[in-house]
A.B. asks: 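A single structure is presented below for examination.
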Protein chains: 2
Amino acid sequence: MGVSKTEMFTDLQNEISIISKAFSHPARVTILQYLFKIDSCVCGDLVNEIGLAQPTISQHLKELKHLGLIKGNVEGTSVCYCINHEKWATMKTVMSEFLDQDIPKKNDCC
Amino acid sequence: MGVSKTEMFTDLQNEISIISKAFSHPARVTILQYLFKIDSCVCGDLVNEIGLAQPTISQHLKELKHLGLIKGNVEGTSVCYCINHEKWATMKTVMSEFLDQDIPKKNDCC
DNA sequence: TTTGTTTATCGTAATATTGCAATATACAAA
DNA sequence: TTTGTATATTGCAATATTACGATAAACAAA
C-alpha cells in the first residue's frame, strides 16, 4: 500500500532508513557536498550550482533542514545555509555502525 | 515530475543516492542486519523474522540482490541468501568517503 | 504422477516522491 | 510607498515505492 510499516521495526532500523532517505536523491547529496566545499554558508546560488528550479531546491533544503543536517540563517532577503556539524557527527556514528557490521565473515555459502 | 534528473549529477553523486535508496526502507535494513547476524546463509525465515508478507520480502531481496549487496543461492526448494562481502566493502568505501567530508569545519555562520 | 513446500512474478491499490509554475512572503533600496 | 530580489509555499501532474493477494514456477517426497 506504499506505507512503510515502521512500527514493526526498531528505532535504530527506522533511524538508519530515515537518514538514508535523505541521501537517496542526488540533488540532496550535491547540496550537502557543496555546503561542505564552500565550508562557510551559502545562499541561493545552489539554484545556479545545480540545474533545478528554485522551488525544487527549496524543497530539498527543507527536507535536509527538517532532518537537522543543515541549518538556515536569514540574512536580509537571502537565507544562509550551512552544515549542522553536531548533527552530522551523530548521524555519522549511526551510519558507520551500520556499515561496519561486516567484520567477522565466517561462513559464505553463496 | 517525480523523475530524478540523474543526468545533471556526477556518477558518484548518483551512486551515493542509489546505495542510500537501498537503505532507505527499514525492511531492507533489517534484512541486511539479519544476514550479518546469522552470518551464514538464510532462506525463507526472513518472512517469519520480519512481519511482512512473502511477496514483499521477496521484492526487497530482489532490490538488494540487483544492487549486488546480497547473493542468492538455490538449494533445493529454498533459496539461500547471504551478504556479498566484496560488494559491501566497496560500497562502504564510497559511503564512508561521503560521510567523512566534515573534517575541517572552519566557518559557521548559522 | 501427485502433493506439498518454497520462492518469484504479476497485477493492482495506496501512498510517497519529485518537479515546477504560480504565487506568497519578507525585506532592502530607491 | 513602490520596486526589486530572494526564498518559501501552494497546487498539481508525473512517476516511484510499498504492500499483498493470486498465481506461477521449481523441486523434493510420497
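Since this is a predicted model, take the numbers as computed values, not measurements.
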A.B. asks: When you measure only distances, ignoring hydrogens and angles, does the side chain of A:Gln59 come within 3.5 Å of the base of D:dA8 through a donor and an acceptor?
C.D. replies: no
A.B. asks: Is the backbone of A:Phe98 close enough, under 3.5 Å, to the side chain of A:Gln101 for a donor and an acceptor to pair up by distance?
C.D. replies: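 Yes; at least one donor-acceptor contact below 3.5 Å.
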A.B. asks: Of the nucleotides C:dG19, D:dC27, D:dC20, which one has an atom closest to the side chain of B:Thr77?
C.D. replies: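 Selected nucleotide (nearest to the side chain): D:dC27.
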A.B. asks: Hey, which of these two, A:Gly76 or B:Ser78, hits DNA chain C nearer its 5' end, going by closest nucleotide?
C.D. replies: B:Ser78
A.B. asks: To the nearest angstrom, how far is B:Leu52 atom CG from D:dT18 atom P?
C.D. replies: 11 Å
A.B. asks: Of the listed nucleotides (C:dC20, D:dC20, C:dT5), which one gets closest to any side-chain atom of A:Pro55?
C.D. replies: C:dC20
A.B. asks: Do you know the tightest heavy-atom contact between B:Met95 and B:Ser20?
C.D. replies: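 Taking B:Met95 first and B:Ser20 second, the nearest heavy atoms are CE-OG, 3.5 Å.
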A.B. asks: Can you check the B:Phe23 CZ to D:dT17 P distance for me, whole Å?
C.D. replies: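 One finds 16 Å between P of D:dT17 and CZ of B:Phe23, rounded.
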A.B. asks: Where is the tightest heavy-atom contact between B:Ile57 and B:Leu46, given as atom of each residue plus distance?
C.D. replies: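 For B:Ile57 versus B:Leu46, the nearest heavy atoms are CG2-CB, 4.0 Å.
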A.B. asks: What is the separation between atom CD1 on A:Ile70 and atom P on D:dT7, rounded to the nearest whole Å?
C.D. replies: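 Nearest whole value for this atom pair: 12 Å.
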A.B. asks: On a plain distance test, is the side chain of A:Gln54 in donor-acceptor contact with the base of D:dA6 below 3.5 Å?
C.D. replies: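 Flag unset: no donor-acceptor pair detected.
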A.B. asks: To the nearest angstrom, how far is B:His25 atom NE2 from D:dT17 atom P?
C.D. replies: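 So the two atoms are 12 Å apart, to the nearest Å.
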A.B. asks: Any heavy-atom pair between the side chains of B:Gln33 and A:Ile16 that's under 4.5 Å?
C.D. replies: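 The answer is yes, as the side chains (C-beta and beyond) meet within the 4.5 Å cut-off.
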A.B. asks: Please report, rounded to the nearest Å, how far the P atom of C:dA16 is from the CZ atom of A:Arg28.
C.D. replies: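 Taking atom P of C:dA16 as the reference, CZ of A:Arg28 is at 15 Å.
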A.B. asks: Closer than 4.0 Å, any side-chain N/O of B:Lys21 to the OP1 or OP2 of D:dT17?
C.D. replies: yes
A.B. asks: Expressed as a whole number of angstroms, how long is the span from A:Tyr81:OH to D:dT7:C1'?
C.D. replies: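 So the OH-C1' distance, A:Tyr81 to D:dT7, works out to 7 Å.
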A.B. asks: Measure from the side-chain heavy atoms of A:Thr56 and tell me the nearest of C:dG19, D:dA8, C:dT17.
C.D. replies: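 Nearest to the side chain of A:Thr56 among the choices is C:dG19.
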A.B. asks: Do A:Ile19 and B:Phe23 come close enough that some side-chain heavy atom pair is under 4.5 Å?
C.D. replies: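 Side chain of A:Ile19 against side chain of B:Phe23, heavy atoms only: no contact under 4.5 Å found.
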A.B. asks: What is the distance, rounded to the nearest whole Å, between atom NZ of A:Lys62 and atom P of C:dT18?
C.D. replies: 14 Å
A.B. asks: Rounding to an integer number of Å, can you tell me how far A:Ile31 CD1 sits from C:dG19 C1'?
C.D. replies: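 After rounding, the gap between these two atoms is 13 Å.
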